[in-house]
Amino acid sequence: MSEITITLPDDSKIQVPQGTTPLQVAEGIGARLAKAAVAAKIDGVLTDLHEPLERDVSLTLLTFDDDEGKHVYWHSAAHIMADAVQRVFPHAKLTIGPAIEEGFYYDFHMDRPFTDDDIAKIEQQMAEIIAADEPFTCKELSAAEAVEFWKSRDNEYKVELTTDIVATETGHQPPRGHDAIQQFMDSHSSDYTQVEVSHYSHGQFTDLCRGPHLPSTGRIGAFKLTSVAGAYWRGTELNPMLQRIYGVAFPDRKALAGYLERMEEARRRDHRILGRDLDLFGFFEEAGAGLPYYHPRGAMLRHLVTDFAVREHLKRGYQLIRTPHLIKSEVWHTSGHAQQAYPMYYTEIDGHSYGIKPMNCPGHLLIYGSRTRSYRDLPMRYFELGTVYRHERSGVLHGLLRVRGFTQDDAHIFCTPEQLQDEIISVIEFASYMLSVFGFNEYRTYLSTRPEKSVGSDEQWERATQALVDAMDAHDIEFEVDEGGGAFYGPKIDIKVKDAIGRLWQCATIQCDFTQPERFDITYVGEDGQEHRPVMIHRVVLAGIERFLGIVIENYAGAFPVWLAPVQVMVLPITERHHDYAAQVVEKLLAEGFRAEADTAASTLGARIRHAEMQKYPYMLVVGDREQEQGQVAVRHRDEGDLGPQPLDEFILRLREEDRPGA
RNA sequence: GCCCACGUAGCUCAGUCGGCAGAGCGUGUCCUUGGUAAGGACAAGGUCACCGGUUCGAUUCCGGUCGUGGGCUCCA
């Protein structure tokens, strides 16, 4: 038998007999790797561990620690779950069941939703399937055989998926709808005998699947089904509602426990709960969904954030402007919002239709166009804390993270095409600075391209997209591409930040727009004395202030740094006879520009300390006889505990040091 | 908007197989005058989300509305 050469990721090479499997290679390297391996990459292609190696290849063994390894792991868990569901509900039809960012789901066509009891039964079946350690096997069927197989099981979903594969492989548009699919099958029957589709099986269970999968079901160490939900077939409301089960799986119980702890931690940080407990904001059922009300402490937090944002914009050459909330609908036609059926609110005044602004750009364009602009004026950077209203569908509202009325730190930069790249870069740097001040230091950058519903010419879109790519390339910024994720008027760069527990949130977005300047016919006079069309950049850094506050609340778990704390200092007089001194301390702190209050409740000191700790005030100042006599305060820090007495002036110096953005 | 679940005191939740509702925490008052995460007593507080229906009687059953949660989809 001939030998082949395997190149491993560290560039080392080993000789093995032809037909050796990746699993056998792993066993040769070490028993532990063989146990941990979940799949392989052969010359960059994801494959099963028992796929024989027939020629010289490069081989990477994937474990659960690799993202792709996790996906294989979870996908196999989804198959096991689907098997379990069919054991409990033989009539449940399989549809799709992919791995997702954290875990997996599987959608089933069912005559009723799953109950908690059902889930318990399904989990039990899964445990049995895992204990049986059934091997996953792969079999190539012709599409014709696959259709026959799934038709015999009365599963029209798999027939549709098979047809999708045939259509895609043969360069056709996948047909939609029962009749179109039948017609496609009739007219392309020869393709169905040519195209092969893989099916994976374990035990008695078989599913249409690209793979790869784990070697066997016993590889799943620990799992949990986390939730059930309705979901439409292919995500479209017109299609039947399927029943979805979500789950997670890990190599061992400890990892699962870690995951559950993270979920618990996320619940503990939930901004909706903290918003109520810390008395920051709330909603009124009678006043409208998705419309937040800021209580004094929440409004202070908001003020601190926006005040900081305004100052930073002014430092960078932005000019403050302000535009009305109501704008005649004609303008929304000019901008294209009306034609795009953008979800906005309209009202009528004196027989004229007005739209409540869902975006600030048209107002900014009007101001730009209000007089002749010279190339010497550019770039012009208009900034507005612009409050907008959007008709978000009721089902998507979520605390402060998804609301119907919100304020953006919105700016529009008008510049020449030559200035575009520098402006984009400076916005990226600005955003990076701003987010770091709020404790976000990890980002991911995305480029979103032209969506289906859009305005403008192909050429404009190409130029705009290229400008964004060039700017990022010139500064070695790595980015991922989100095809079709752009705004209707232009492509965009999105920056997503990672919070304290690893979740990603979209904040800054930079949108390049060649179409609105044309629609509003704005110009500048160039060096040549001719009129030229400026380029416009839409950009937000914190994005929606509401959403940003929600993220900030969760990132700090409500324990804000001194510069963001709505109440920085709570003064705690020991007895009633210290109330006057406590008031003096508060007065002094307020006069120095700090945010302080005194807790003069009749409860014991211990109880008031407990209360202050739970409210997460950064500092508590205990004042009794000793402090009063010597003009001191006994300092207690939220996290560090009792720091002992010190003169009030000394404490003020400490506080001033910490009362700086980003400190 | 759609699917599922839910809505009882400010909060967390009991409870009512249809007969005018309870606890803990919180709040108020009084007692205690306290030294770094819960002192004690008493009290107030609910048309059981709202509207309609069935019923002798509805917080409980039915329908609708509003709101919330988890998803689908969309987005800051």
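Within every chain, numbering begins at 1; the chains are lettered A, B, ... in the order of the sequence lines, protein sequences first and strands thereafter. Side chains are part of it too, since the values below use all heavy atoms of this structure and drop only hydrogens, waters and symmetry mates.
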J.: If I pick the P atom on B:rG10 and the same atom on B:rG28, what distance separates them, to the nearest angstrom?
T.: 15 Å
J.: For B:rC31 and B:rU16, measure between their C1' atoms and round to the nearest Å.
T.: 38 Å
J.: Could you work out which one of B:rA37, B:rG69, B:rG35 sits closest to the side chain of A:Met614?
T.: B:rA37
J.: Convert the base pairs of RNA chain B into dot-bracket notation, remembering that pairs crossing earlier ones are written with [ ] and that bases paired across to another strand are shown as |; include only Watson-Crick or G-U pairs under 3.5 Å.
T.: (((((((..((((.....[..)))).(((((.......))))).....(((((..]....))))))))))))....
J.: Report which part of the nucleic acid A:Asp625 touches: base, sugar-phosphate, or nothing (heavy-atom distance under 4.0 Å, all strands).
T.: base
J.: Can you name the side-chain hydrogen bond (donor to acceptor under 3.5 Å, both in side chains) partners of A:Tyr259, sequence neighbours left out?
T.: none
J.: Among B:rA76, B:rU36, B:rC72, find the nucleotide with the atom closest to the side chain of A:Arg390.
T.: B:rA76
J.: Which nucleotide in the list B:rG71, B:rG35, B:rA76 gets nearest to the side chain of A:Gln408?
T.: B:rA76
J.: Before accepting this row, confirm whether a basic side-chain N of the pair A:Asp494/A:Lys496 lies closer than 4.0 Å to the acidic partner's carboxylate O.
T.: no
J.: Are A:Phe414 and A:Tyr382 close enough that their ring centers fall under 6.0 Å?
T.: yes
J.: Only counting residues at least two apart or in another chain, list the ones meeting ring-ring contact (aromatic ring centres under 6.0 Å, His included) with A:Tyr246.
T.: A:Tyr105
J.: Can you tell me how far C1' in B:rA14 sits from the matching atom in B:rC72, rounded to whole Å?
T.: 35 Å
J.: What nucleotide among B:rC74, B:rG35, B:rG1 has an atom nearest to a side-chain atom of A:Ser394?
T.: B:rG1
J.: Excluding sequence neighbours, so at least two apart, what forms salt bridge (charged side-chain N to carboxylate O under 4.0 Å, His left out) with A:Arg610?
T.: none
J.: Check each residue of residues 605-613 of chain A for a non-hydrogen atom within less than 4.0 Å of any atom in RNA chain B, then write out the ones that pass by number, or none.
T.: A:Leu605, A:Gly606, A:Ala607, A:Ile609, A:Arg610, A:Glu613
J.: What integer number of Å spans the C1' atoms of B:rG52 and B:rA43?
T.: 38 Å
J.: Apply salt bridge (charged side-chain N to carboxylate O under 4.0 Å, His left out) to A:Glu627 and list each qualifying residue two or more places apart in sequence or on a separate chain.
T.: none
J.: In whole Å, measure the gap between the C1' atoms of B:rC74 and B:rU59 for me.
T.: 38 Å
J.: Between B:rC72, B:rU36, B:rG70, spot the one nearest the side chain of A:Val396, thanks.
T.: B:rC72
J.: When you compare the ring of A:Phe406 with the six-membered ring of B:rA76's base, are the centres less than 5.5 Å apart and the planes under 30° from each other?
T.: yes
J.: Who passes salt bridge (charged side-chain N to carboxylate O under 4.0 Å, His left out) against A:Arg297, sequence neighbours left out?
T.: A:Glu597
J.: Using residues 279-294 of chain A as the side-chain source, report each donor-acceptor pair under 3.5 Å to any protein atom, sequence neighbours left out, with the distance given to one decimal.
T.:
{"residue": "A:Tyr294", "atom": "OH", "partner": "A:Arg302", "partner atom": "NH1", "Å": "3.0"}
{"residue": "A:Tyr294", "atom": "OH", "partner": "A:Glu546", "partner atom": "OE2", "Å": "3.1"}

J.: Under 4.0 Å, counting only non-hydrogen atoms across every strand here, what does A:Val403 touch: a base, just sugar-phosphate, or nothing?
T.: base
J.: Any idea how A:His71 and A:Trp74 line up, ring-wise: parallel (<30°), tilted (30 to 60°), or perpendicular (>60°)?
T.: tilted
J.: Which nucleotide, B:rG67, B:rG70, B:rU33, lies nearest any side-chain atom of A:Ala289?
T.: B:rG67
J.: Measuring only the C1' atom in each nucleotide, how far is B:rG22 from B:rG45? A whole number of Å is fine.
T.: 13 Å
J.: With sequence neighbours left out, what residues match A:Tyr617 under ring-ring contact (aromatic ring centres under 6.0 Å, His included)?
T.: none
J.: Measure from the side-chain heavy atoms of A:Thr509 and tell me the nearest of B:rU33, B:rG35, B:rA76.
T.: B:rA76
J.: Counting side-chain heavy atoms from CB outward, which of B:rG1, B:rG35, B:rA76 is closest to A:Arg404?
T.: B:rG1
J.: May I ask you to verify whether the side chain of A:Arg547 and the base of B:rC75 hold a donor-acceptor pair under 3.5 Å?
T.: yes
J.: Using only side-chain N and O atoms of A:Arg276, determine if any of them is under 4.0 Å from OP1 or OP2 of B:rG10.
T.: no
J.: Which nucleotide, B:rC72, B:rA76, B:rU33, lies nearest any side-chain atom of A:Tyr232?
T.: B:rC72
J.: By nearest atom, which of the nucleotides B:rA37, B:rG39, B:rG1 is closest to the A:Arg636 side chain?
T.: B:rA37
J.: Please identify each residue that fulfils salt bridge (charged side-chain N to carboxylate O under 4.0 Å, His left out) with A:Glu102, with sequence neighbours left out.
T.: A:Arg262
J.: Protein within reach of the bases, or only the backbone? For nucleotides 41-50 of chain B, mark each nucleotide 5' to 3' as B, S or -, using heavy atoms under 4.0 Å.
T.: --------B-
J.: If we ignore hydrogens and angles and just use 3.5 Å, is the side chain of A:His578 paired with the main-chain N or O of A:Asp625 as donor and acceptor?
T.: yes
J.: What distance, rounded to whole Å, do you find between the two P atoms, one in B:rA44 and one in B:rG63?
T.: 39 Å
J.: Mind checking the C1' distance from B:rA9 to B:rU27? Whole angstroms is fine.
T.: 11 Å
J.: Give me the residues of residues 427-447 of chain A where at least one heavy atom lies under 4.0 Å from an atom of RNA chain B, by number, or none.
T.: none
J.: Just checking A:Gln615: base, sugar-phosphate only, or nothing, at a heavy-atom cut-off of under 4.0 Å?
T.: nothing
